[in-house]
Amino acid sequence: FFFVEENFLFFFCGDLIFDKDGVTAAAVFAELALDSYRNGRTLAEHMQTLYDKYGEFVSNNGYFILDDPTVVPAIMDRITNHGAF
């Protein structure tokens with residue numbers, strides 16, 4: 001039995017393309033890289049300016065492995081108030 005969840009932030013690039021699968025993010029990242037290099041900066045230098053301005057953030061995700069297949073349904077039942085949300 002597998003119980004899987006996806007971490008996502010719904011980060012949209014602009015207000016025209018609503019995409020969360022990374023295609024738009026990759027295009028925007030390429031545009032950022034091009035702009036940085038045209039302005040004589042590396043991406044690492046650009047990131048450092050952001051760190052200096054906004055600070056740094058660390059995320060520590062983890063995984064839980066459960067051997068008892070009844071645990072996850074019991075947790076979900078409790079979270080959803082037995083289906084009454």
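- If you chain together ILVMFWY residues whose side-chain heavy atoms come under 4.5 Å of each other, V58 ends up in a group of its own.
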Worked verdict on L66 versus D68 for side-chain contact (heavy atoms from CB on, under 4.5 Å): CA-CA 6 Å; L66 303 171; D68 183 351; 5.7 Å; no
List, one per line, each side-chain donor-acceptor pair under 3.5 Å for residues 43-51, sequence neighbours excluded.
from: E45; atom 1: OE1; to: T42; atom 2: N; distance (Å): 2.8
from: Q48; atom 1: NE2; to: D52; atom 2: OD1; distance (Å): 2.9
from: T49; atom 1: OG1; to: H46; atom 2: O; distance (Å): 2.5

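- The hydrophobic cluster around F57 extends to none of the other residues, as no ILVMFWY side-chain heavy atom falls under 4.5 Å of it.
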Show every donor-acceptor pair shorter than 3.5 Å between a side-chain atom in residues 29-38 and any protein atom, with sequence neighbours excluded, or say none if there are none.
from: D35; atom 1: OD1; to: N39; atom 2: ND2; distance (Å): 3.3
from: S36; atom 1: OG; to: L32; atom 2: O; distance (Å): 3.0

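- Legend: residues meeting side chain to side chain donor-acceptor pair (under 3.5 Å) with D67, ordered by chain and number and at least two apart, are absent.
- Distance OG1/T70 to CG/D77: 12.0 Å, rounded to 0.5 Å.
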